[in-house]
Amino acid sequence: MSGTKKTENPSEERAPRNFLEEIIDNDLAEGRHKTILTRFPPEPNGYLHIGHAKSITVNFGLGQKYGGATNLRFDDTNPITEDTEYVDSIKQDVQWLGYQWKEELYASDYFENLFEFAIKLIRDGLAYVDDSTSEEIAALKGTPTRPGSDSPFRTRTPDENEDLFRRMRAGEFPDGSRILRAKIDMSSPNMLMRDPVIYRIKHAHHHRTGDQWCIYPTYDFAHGQSDAIENITHSICTLEFMSHRELYNWFIEKLELFPSRQYEFARLNLSYTIMSKRKLLQLVNEKHVDGWDDPRMPTISGLRRRGYTPKSIQEFCARIGVAKRDNLIDVSLLEFCAREDLNKIALRRMVVFDPVKLVITNWPKGKVEMLESENNPEDATTGERSIAFNGTIYIERDDFMEDAPKKYFRLSPGASVRLKSAYIITCEDVVKDDSGTVTEIRCVYHPDSRSGSDTSGIKAKGTLHWVSTEHAIEVEVRDYDRLFRVENPAEEEGDFLDYVNPDSLTVFPKAYAEPALIDDANEAAASGKIPHYQFMRKGYYYADTSSTSDKLVFNQTVGLRDTWAKMNK
RNA sequence: UGCCCGGUCGUCUAAGGGUAGGACAGCGGUUUUUGGUACCGUAUGUGGGGGUUCGAAUCCUCCCCGGGCAACCA
């Protein structure tokens with residue numbers, strides 16, 4: 001052993017894998033399983049967010065990697081909060097992310113099985129009906145540092161318990177009057193083993209089983225058994241379920257079920273946002289955002305509406321890794337993944353957000369010239385488009401500066417810049433109104449500097465995007481900033497709403513765009529394929545769901561990296 | 001103050017007794033008709049103390065720090 005180097009046989013070198021893959025490799029190597037089956041188990045009480053995307057890529061990714069499969073199972077054991085609206089959105093989001101489940105299942109599919117499991121525990125003297133109030137139960141539960149004590153109902157006979165439990169099912173008792181508890185150990189150091197509740201009475205309508213049931217199993221009594229019924233080999237959940245694992249195993253052992261095993265990983269936390277479904281719901285209900293799919297939301301539907309691609313989200317999930325330590329991922333990684341994908345697929349277009357007029361004084365009156373510009377320099381197969389140029393254009397207001405520092409590469413009096421895909425121009429004059437605001441910039445162009453056939457020898461440091469005033473169309477552009485002002489709103493003192501970023505949305509209601517966007521929109525309407533854009537020198541954009549051919553509306557997916565802005569900080 | 005987890009660059013994540021590596025972020029360059037992209041370079045890390053060992057991020061031990069656990073939520 002000593003002295004042998006790991007490099008002597010490269011094929012023996014371990015490929016880096018996360019701890020779940022190590023577990024699976026071992027299970028497979030030891031013959032514990034021949035293949036694997038995982039499951040993604042959302043509760044249909046809210047929309048999926050980027051944290052769920054991590055869980056989805058972990059579960060489905062493992063299923064794929066090992067040639068196994070993954071079930072989609074809705075954990076619908078609490079009818080009060082659950083709804084088919086959420087079921088539908090969850091299915092859509094999982095598929096949009098690019099995954100296909102083997103079976104679509106519901107914990108509620110197993111209500112009858114679960115009931116029988118409960119009867120078995122009762123017959124085996126391992127469960128009892130407790131008539132105590134929830135306060136009494138809590139009082140007898142003890143604390144993490146002090147053991148609990150037995151309920152006075154703990155010694156009921158199996159017959160009595162079975163009778164009571166069947167009558168609970170029959171609807172003889174009101175909500176909260178009785179529960180079924182597992183009989184384990186009131187002095188266990190694990191609070192969850194202190195005779196946990198496994199069935200409660202809820203006279204509530206269930207989104208799938210309707211009014212068929214008035215007793216519902218708790219998470220602990222449903223999840224593991226559902227896994228076992230489906231022969232799930234690896235039941236992967238987040239860290240907060242760690243202490244549930246002992247209970248999970250107890251049920252499987254006592255009920256003699258398929259030995260599914262639970263493993264826990266650290267959930268995703270993303271900087272400058274929140275992941276709590278409850279808080280997300282509050283943002284929606286209190287109208288701090290436009291809905292679950294508001295482009296500022298960390299929901300899958302929000303990211304989709306904003307223009308994130310499934311590929312970029314998958315890549316993000318792959319890069320953050322899977323481990324057991326708490327984490328707070330820098331949102332810049334998500335943005336990097338978006339840019340990385342979008343750079344290769346986004347169509348380049350020119351849009352001027354905050355326009356100022358620029359007149360080329362030596363342009364032949366009435367002349368319109370068609371210029372060619374590449375749709376995507378990263379992908380020659382996307383070809384070129386024609387852009388009309390007639391000597392009077394809009395440029396961005398901040399692409400001009402009257403007193404410019406040396407490092408400023410854009411327009412200023414006497415300076416020359418390239419107009420993207422057009423000519424080099426030199427600024428000669430500025431027109432201002434009474435308040436000193438620039439109303440018109442006057443330039444000359446250099447006829448021999450035409451893009452692609454430049455013989456002028458003039459070197460322009462900067463290149464500006466522009467739109468012909470005559471041909472421009474008006475569009476609405478929405479830019480987004482982080483939803484919260486602080487890195488970790490969940491950790492902050494007081495109400496998380498106090499940390500909402502008031503400037504998370506900037507609307508440009510009348511931006512000027514090149515007319516190609518109209519053609520694109522028509523094409524998209526016909527093909528159903530909505531293109532991703534890069535508005536040059538601005539960022540990546542995607543048509544909003546509210547966009548129509550009469551009024552195009554674009555969401556900023558993510559801005560371009562901006563080293564100039566950084567220099568000026 | 002009980003039980004259970006965890007602690008490696010700023011942020012994530014590898015290294016399974018043998019050179020602490022990668023990514024993002026940062027910084028500095030080169031190229032560029034996007035201050036984009038691409039490419040190159042660069043700084044920054046094993047929570048602390050004791051052990052075991054020729055050798056420790058890795059094994060043992062004590063301590064420190066962070067998280068979870070007292071819903072008829074999941």
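All chains are named by letter (A, B, ...) in the order of the sequence lines, taking the proteins before the strands, and each is independently numbered beginning at 1.
Ser373(A) pairs by the side-chain hydrogen bond (donor to acceptor under 3.5 Å, both in side chains) definition with Ser421(A), not counting sequence neighbours. With sequence neighbours excluded, the residues forming a side-chain contact (heavy atoms from CB on, under 4.5 Å) with Thr143(A) are Thr145(A), Arg146(A), listed by chain and number. Ala415(A) pairs by the side-chain contact (heavy atoms from CB on, under 4.5 Å) definition with Ser412(A), not counting sequence neighbours. With sequence neighbours left out, Glu487(A) forms a side-chain hydrogen bond (donor to acceptor under 3.5 Å, both in side chains) with no residue at all. Every residue was checked against the side-chain hydrogen bond (donor to acceptor under 3.5 Å, both in side chains) condition with His532(A), not counting sequence neighbours, and none meets it.
Residue-level contact check: Phe336(A) touches the backbone only, with heavy atoms under 4.0 Å from sugar-phosphate atoms and none from bases. At a threshold of 4.0 angstrom between heavy atoms, the contacts of Pro377(A) include nucleobase atoms, whether or not backbone atoms are also involved. Lys407(A) comes within contact range of at least one nucleobase, with a heavy-atom separation under 4.0 Å. At a threshold of 4.0 angstrom between heavy atoms, the contacts of Gln534(A) include nucleobase atoms, whether or not backbone atoms are also involved. Nucleic acid contact class of Glu378(A) (heavy atoms, under 4.0 Å, all strands): base. Within the nucleic acid shown, Arg194(A) has no heavy atom closer than 4.0 Å to any nucleic acid atom. Using a 4.0 Å heavy-atom cutoff across all strands shown, Gly462(A) reaches no nucleic acid atom at all. Among the heavy atoms of the strands, none lies under 4.0 Å from Arg267(A). Base engagement by Arg410(A) is indicated by at least one non-hydrogen atom pair under 4.0 Å involving a base atom. Using a 4.0 Å heavy-atom cutoff across all strands shown, Glu264(A) reaches no nucleic acid atom at all. Among the atoms of the strands shown, base atoms are found under 4.0 Å from some heavy atom of His244(A). If you check every strand for non-hydrogen atoms under 4.0 Å, Ser134(A) touches a base. Using a 4.0 Å heavy-atom distance criterion, Lys202(A) is classed as a sugar-phosphate-only contact. In this structure, Phe241(A) reaches the bases: a heavy-atom distance under 4.0 Å links it to at least one base atom across the strands shown.
A ring-centre distance under 6.0 Å is found for Phe115(A) and Phe165(A). Aromatic ring centres of Phe484(A) and Tyr272(A): separated by at least 6.0 Å. Between Phe251(A) and Phe221(A), the distance separating the two ring centers is shorter than 6.0 angstrom. Checked against a 6.0 Å centroid threshold, the rings of Tyr47(A) and Tyr86(A) count as neighbours. A distance below 6.0 Å separates the ring centres of His223(A) and Tyr219(A). The aromatic ring centres of Phe554(A) and Tyr542(A) sit 6.0 Å or more apart.
Within residues 75-84 of chain A, the residues having any heavy atom closer than 4.0 Å to RNA chain B are, in order of number, Asp75(A), Thr77(A), Asn78(A). Shown for residues 172-189 of chain A: residues whose heavy atoms fall under 4.0 angstrom of RNA chain B, namely Gly176(A), Ile179(A), Pro189(A).
In this structure, the nucleotide among rU37(B), rA70(B), rA74(B) sitting nearest to the side chain of Thr143(A) is rA70(B).
Straight-line distance between the C1' atoms of rU61(B) and rU19(B): roughly 29 Å, to the nearest whole Å. Nucleotides rG18(B) and rG55(B) place their P atoms 14 Å apart, quoted to the nearest Å. Look at the P atom in both rC60(B) and rG66(B): the space between them is 24 Å, to the nearest Å. With both ends at atom C1', the span from rU8(B) to rA14(B) equals 10 Å, rounded to whole Å. rU58(B) and rG6(B) have their P atoms separated by 15 Å, given to the nearest Å. Taking the P atom of each, rG50(B) and rA57(B) are spaced 15 Å apart, rounded to whole Å. Going from the C1' atom of rG2(B) to that of rC9(B) covers 36 Å, rounded to whole Å. With both ends at atom P, the span from rU44(B) to rG21(B) equals 12 Å, rounded to whole Å.
Here Trp564(A) lies parallel enough and close enough to stack on the base of rG35(B), with planes under 30° and ring centres under 5.5 Å apart.
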What protein N or O atoms touch nucleotides 41-48 of chain B N or O atoms at under 3.5 angstrom, if any, and at what distances?
none

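rA15(B) has its base anti relative to the sugar, with a glycosidic angle deviating from 0 by more than 90°.
One finds a side-chain N or O of Arg537(A) lying less than 4.0 angstrom from the OP1 or OP2 phosphate oxygen of rG35(B).
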Discussion item. Is there a salt bridge (Lys or Arg N to Asp or Glu O under 4.0 Å) between Asp175(A) and Lys202(A)? Walk through the geometry before answering.
Written reply: CA-CA 5 Å; Asp175(A) 287 8; Lys202(A) 279 179 192 277; over 6 Å; no
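For the pair Ala565(A) and Tyr219(A), nearest-nucleotide mapping onto RNA chain B gives the more 5' position to Ala565(A).
Residues in residues 369-389 of chain A take part in these ring-ring contact (aromatic ring centres under 6.0 Å, His included) pairs, two or more places apart or across chains: Trp363(A)-Phe389(A), Phe389(A)-Trp466(A).
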Can you list, pair by pair, the side-chain donor-acceptor contacts under 3.5 Å of residues 455-464 of chain A, counting residues two or more places apart and other chains?
| unit_1 | atom_1 | unit_2 | atom_2 | d |
| --- | --- | --- | --- | --- |
| Thr455(A) | OG1 | Asp448(A) | O | 3.4 |
| Ser456(A) | OG | Asp454(A) | OD1 | 2.7 |
| Ser456(A) | OG | Ile458(A) | N | 3.1 |

Worksheet entry | Watson-Crick and G-U pairing of RNA chain B, under 3.5 Å, as dot-bracket with | and [ ] | .((((((..((((....[..)))).(((((.......)))))....(((((..]....))))))))))).....
Discussion item. Strictly under 4.0 angstrom, non-hydrogen atoms only: write out the protein contact profile of nucleotides 5-14 of chain B, one letter per nucleotide from the 5' end, B, S or -.
Written reply: SSSB--SSSS
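Taking the side chain as every heavy atom from C-beta outward, Ile184(A) and Trp250(A) approach each other to under 4.5 Å.
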